[in-house]
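Below is one structure, written out as structure tokens; the observations come after it.
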Amino acid sequence: MISRPYDEIKLLIENYLKKEFSTKSDLIWSKPPSVELGDISFPLFNIAKELKIKPEELSEKIIAEISFPDIVEKVNLQGGFLNLTFNRSIFVTQVLQTILEQTKYGQNSSLSSERIIVEHTSSNPTGPLHIGNFRGSVLGDVLGRLFSFLGAAVNVRYYVNDLGRQIAPLVIGYFLLKEAKYKIEEKGDLWLGKVYASMYTFLEIQQLKQKLSMLGWKIKDSSVSLYRLDDTDLKTVPEFLNSLPKENEEKDNTHKWFMKLTRIQSSLIERIPEVYEKLNKLTSSKIENLESTTNQYVKNYQEGKDKLIVEKFREVTKIALDGHVETLNLFAIFHDDFDWESDVAWSGEVQTMLAELEDKKYLRHDEKARLLKNDIIAEELGYKTKYSISYEIPDTIIINSEGITLYPCRDIVYHLHKLEKFNASQCYNVIAKMQQLPQLSVRLALYGLNRTDTADRIHHFDYEYVSLIGRKMAGREFDYVTPDELFVLAQEEIKTIIEERNYSEEEQQNIANKIAASSIKYHILKMDPQKSVAFDVKKAVDPNENSGSFLQYSYARALSILSRSSKHDINVQKILESTEKENLIIEKQAEWELVKLMEELPSILIKAAKSLRPDSVANFSYSLASSFHKFYDACPVLKAETPELIKSRVRIVFSISKCLESLFEVMGIEALEKM
RNA sequence: GGUCCCGUAGCUCAGCUGGAUAGAGCGUUUGCCUCCUAAGCAAAUGGUCGGGUGUUCGAAUCACCUCGGGAUCGCCA
């Protein structure tokens, strides 16, 4: 493999410094502020300081003693910066040759010794994916693709959270409607979202009413249904709460709760009237006590012995999961394996695990509830020292006061064996930042169970949540933006542009689909995962603003040039295969900048993987595409002035198409030949 | 109150293992299709990098303090 100029030069100087002065400081390279100064720059301050000489002096030595290869045309010193100017012709010839020789430019084996699990999405099966958890899908997908591109064996997993308490009301509601032969005419997960929002509201209204009756409100006299706040309730409840003495601690909170539920109820009645009303009637007539039925369902499913209940939960979860997979596939996001939380629970290992932690005194009792002593474990077993944590880590509840195990229990057991499932060396859990503490306690529990090695290989790749401009995102109120919905909106926008071009109906549809997917994916990917973002639907979907289509457009333009070459009597194959030793020509600034950027691609990918920044791939891609568009405008290819220029530019165009193909593969974006 | 994250142009964001004059897109103003796809290009406009102190030859970048915003901190996941 031909080495890359930037690295090559850096290595040359580095080796010299090490050999001659055995320096310890890292040599770093940067780009000079303007091309007149050079193409690559080495600030020598740190190393000069280490050697206790002036940067100028060091630089003079370097210039005098290193014999630079031909690719370096000019060396000069500018106030402590050693600036090198490349011989453009040699540089370009070398870089483009490297690109042509590799099947996939930028692909390498830097991670080939790794086996990596990436877990992502793992969304609750209570509704469709929304852009919040979809952000995790995109980040996880690209992270996996990146690792894989760099030679790692990658296994992408989805943890199915089918044991949560919140699913029970959904299951109950789903079967009420099914038995009533209610017709479903939409995507399954979206439909479940409606059922879930309704049923959970009923459950909460019941709980509110129970609370009120504990405070002295006469529940039976006022309410038609236990699961509805009717006109009488809306009048009598505030009156009742007002009549309570001011000292009553519950007064304010209950009032707030009441207001919140009133709002949710009316919002649901407005948004999904049919499902809501139908379900309300069915629940009122068939379920005497939703709360206790819910608890019973949850308990039965956790035990896994009641076959009917198991079938019911699985049926509902499967519908949600299928919906999620369908959505993800639209965006070329795929999982290799699905792990069910219920399977973990039924394995019986939770009890063994708890017993061991108990035995080691890592559990704290508070009545029936049990907490994991995070801080004690972290302190005693060196976690704090290892990761330099100086504050106190709060304990986490893993069994509630009813004696029911909470999800961290399953999560701990799951992670005991997760790495084994793929014989993995590393595992990245792409999970929202708000799960920080639970994720930490999983690792701490593993420490407590004497599995520090496993724990240290598990990483929480956290990302911030997504909010909506001008809207809230609330699953409970069936108010969220789904990727499905964005996809359709984007398609429509794109079609208005394609209509002006001469494509068949079928082609139009195909192009619109692919651009819609890439635009949305790109829009989400390019944001720093650590930033909580305000998501703007209009921008995400607008092809004139969105840079996903900008990337694809640059690829289409490149291919368009190549495909039209024969009309100009230019044989691309011949140019590419030509083994003549003559060097290529660079005439304009635009082409020079483009080639230099292409050179950087491999190191950008390695850096992105190392620093876990999939978003940096997106941002680099943008720079590259932008640079190509500038080239496209400034440098005619097929109509270039001389045969030599044509030859050089054809090679550049072919190379950029290869660069983009690599980047598209890493980002999971489809390359379109025309658009 | 403790912890974590964020605060860069009117808006949405890059840049952060310290490097030279702070970078895009959108917006507003103007040009460019007889020439490889105008989903593009060129130009103008726009910034006390939240504020302060420190470390340094050099700070948007590092440390400390401070002010804003978000998340989380015992029974939902």
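Numbered from 1 within each chain, the chains take letters A, B, ... in sequence-line order.
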Please determine if a side-chain N or O atom of [X] lies less than 4.0 Å away from the OP1 or OP2 oxygen of [N].
X	N	value
A/Arg557	B/A38	yes
A/Arg613	B/A14	no
A/Lys531	B/A14	yes
A/Tyr553	B/A39	yes
A/Arg564	B/U37	yes

Nearest to side-chain heavy atoms of A/Phe550, which nucleotide of B/G40, B/C13, B/C4: B/G40
Closest nucleotide among B/C5, B/A20, B/G15 to the A/Gln78 side chain: B/A20
By the 4.0 Å heavy-atom rule, please label [X] as base, sugar-phosphate, or nothing.
X	result
A/Val653	nothing
A/Ser401	base
A/Ser41	base

Tell me the interatomic distance from A/Met675, atom CE, to B/A38, atom P, rounded to whole angstroms. 12 Å
Nucleotide B/A77, atom P - distance to CD1 of A/Ile398 in whole Å: 12 Å
Is there a stack between A/Phe45 and B/G19, judged by ring centres under 5.5 Å and planes under 30°? yes
Which one of A/Asn571, A/Ile561, A/Val637 satisfies the side-chain contact (heavy atoms from CB on, under 4.5 Å) criterion with A/Val650? A/Val637
Return yes if a side-chain donor-acceptor contact under 3.5 Å exists between A/Glu499 and A/Thr496, otherwise no.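 No pair is found: no donor N or O on one side chain lies under 3.5 Å from an acceptor on the other.
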Would you please say whether a donor-acceptor pair under 3.5 Å links the side chains of A/Thr121 and A/Asn133?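 Their side chains do not contain a donor-acceptor pair, so the 3.5 Å distance test is not met.
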Please work out whether the ring planes of A/Tyr159 and A/Tyr414 are parallel, tilted or perpendicular, with thresholds of 30° and 60°. parallel
Below 3.5 Å, does any donor atom in the side chain of A/Asn544 face an acceptor in the base of B/A38, or the other way round?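 Such a pair does not exist between side chain and base.
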Side-chain donor/acceptor of A/Ser626 to base of B/A24, under 3.5 Å: no
